[in-house]
Amino acid sequence: MRETLAGMPWWVKWVAIPLLVLFVFGGVITSILGALIGFAFKALLFVGLVGGLVLLVKKFGGSSAKSSSREW
């Protein structure tokens, strides 16, 4: 493989082959990246919602939440 690529011009190795890879596997690459980005967004959304819920419970929990935390 190296011998075959060694005789090729630079633009074949650095332009044409990567473009062919993107053309052939572009759908797979974009679907994987989309799934990863979607998962990261959902994970951040979950962390934000849980953090907001904890803050709401601490702020509006009242004295019952404080007394139950002392029992633990």
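Side chains are part of it too, since the values below use all heavy atoms of this structure and drop only hydrogens, waters and symmetry mates.
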* Asked: Are L44 and L36 grouped together when hydrophobic residues (ILVMFWY) are joined by side-chain heavy atoms under 4.5 angstrom apart?
  -> no
* **From L5 atom CG to W10 atom CH2, the distance as rounded to the nearest 0.5 Å** => 15.0 Å
* Spacing of T30 atom OG1 and F25 atom CZ [to the nearest 0.5 Å] -> 13.0 Å
* Heavy-atom closest contact (K13 atom, M8 atom, distance) -> CE-O, 3.9 Å
* **Criterion side chain to side chain contact (heavy atoms under 4.5 Å, CB included) on V15 and L19, from CA distance to verdict** => CA-CA 6 Å; V15 177; L19 285 177; 4.0 Å; yes
* To the nearest 0.5 Å, tell me how far L22 CG sits from I17 CD1. => 12.5 Å
* Asked: Among the clusters formed by ILVMFWY side chains lying less than 4.5 Å apart, do V24 and I29 turn up in the same one?
  -> yes
* To do: May I ask whether L49 and V47 are part of the same hydrophobic cluster, defined by side-chain heavy atoms of I, L, V, M, F, W, Y residues being less than 4.5 angstrom apart, directly or through others?
  => no
* Asked: Quick one: do V54 and L56 end up in the same hydrophobic cluster if we chain Ile, Leu, Val, Met, Phe, Trp and Tyr together by side-chain heavy atoms under 4.5 Å apart?
  -> no
